[in-house]
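Here is the structure we will look at.
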Amino acid sequence: MFRKKSSSAASQHDFPYWLVAACGIAIFLLFQIATDEIYTQVMATVSRGIGLTIFVTLVGFFLASVLGLILALASLSGSIVLRQVARFYVEIVRGLPIIVLLLYIAFVATPLLVAGVNAVLEPLGLEAMRTRDFPLLWRAIVALMIGYSAFIAEVFRAGIQAVDKGQIEAAEALGMNRWLRFRLIIFPQALKTILPPLGNDFVAMIKDSSLVSVLGVADITQLGKVYAAGSFRYFETYNVVALIYLMMTITLSLALRRFERSKDVGAR
């Protein structure tokens, strides 16, 4: 008697009709861009922001990963002070919407930071800083770094805690210090658990990088807003903007899924 495949097993072998439909829409829009003068002009304008979007995403994600790892190690520290400080940071930051954090860093934290620096510089007779000396681009990157570091910290913490304690005890028995245990034993094994959710966070940051447009940073979304406001071609403009983001995020998501499948096959 034949057994019916479970729904989870069947879903893994479903033909990706959704991808065919998405590719069909993308091909149609690319044809429009190639043949329609309005779409061509929109693409020429909006595509100038692709490099900035990628720069914001890469730099923001790298800094968020470094800070997230530090927070994860602090949350697993033997010091209750470090654990509580890390937990406070993670819970507070995760409770704030990225857009609120972006505006807070840009228009509250930055002026306060400049005022604090000036309080030190002025008594020394040095030239005072101005808030405008801190570019809006870097305020946006700092906000994304802070916002995502809290989520990435939890990813790192879960990955580190997933490492078999027997491995750590064996490393201790061999006389490895804490740094060697982390570098040679814990982190390489934790990385297998960390990479998939870390990749998902990277895809999410590509999308959330569009929020920097509220500060006037000339990314894809901002250039699209300016062009649409001036030409009243909202339909064509946001079709192109959506296409660019979808091509980046779907391509990266498919690459991550392929990597995960190849890793699972290699582990068998």
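All values below were derived from every heavy atom in this structure, side-chain atoms included, with hydrogens, water molecules and symmetry-related copies excluded.
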Is it the case that over 12 heavy atoms from other parts of the model lie below 6.0 angstrom from the OH atom of Y234?
yes

Heavy-atom count check: over 12 atoms from other residues, nucleotides or ligands less than 6.0 Å from E91 CD?
yes

Are L102 and V214 close enough that some pair of their side-chain heavy atoms sits under 4.5 Å apart?
yes

Are I244 and M43 packed together at the side-chain level, in the sense that at least one heavy-atom pair is separated by less than 4.5 angstrom?
yes

S149 vs Y89, side chain to side chain donor-acceptor pair (under 3.5 Å): CA-CA, chis, key distance, verdict
CA-CA 10 Å; S149 64; Y89 179 98; 2.9 Å; yes

Can you tell me how far [atom2] of [Y] sits from [atom1] of [X], rounded to the nearest 0.5 angstrom?
X	Y	atom1	atom2	result
L254	L19	CG	CG	5.5 Å
L52	I220	CG	CD1	9.0 Å
L191	I186	CG	CD1	13.0 Å

Under the side chain to side chain contact (heavy atoms under 4.5 Å, CB included) rule, what do V59 and F62 come out as? Steps first, then yes or no, please.
CA-CA 5 Å; V59 175; F62 172 76; 5.9 Å; no

F202 meets the ring-ring contact (aromatic ring centres under 6.0 Å, His included) criterion, sequence neighbours left out, with F61

Tell me if a side-chain donor or acceptor on [X] pairs with a main-chain N or O of [Y] at a distance below 3.5 Å.
X	Y	value
Q32	F28	no
R157	L73	no
Y227	F232	no
T110	I105	yes
S210	K207	yes
D133	R130	yes

If hydrophobic clusters are built by linking Ile, Leu, Val, Met, Phe, Trp and Tyr wherever their side-chain heavy atoms come under 4.5 Å apart, do L76 and L82 end up in the same one?
no

So which residues get pulled into V108's cluster when ILVMFWY side chains under 4.5 Å apart are joined, directly or through others?
Y104, L112

Heavy-atom closest contact (V42 atom, T237 atom, distance)
CG1-CA, 3.6 Å

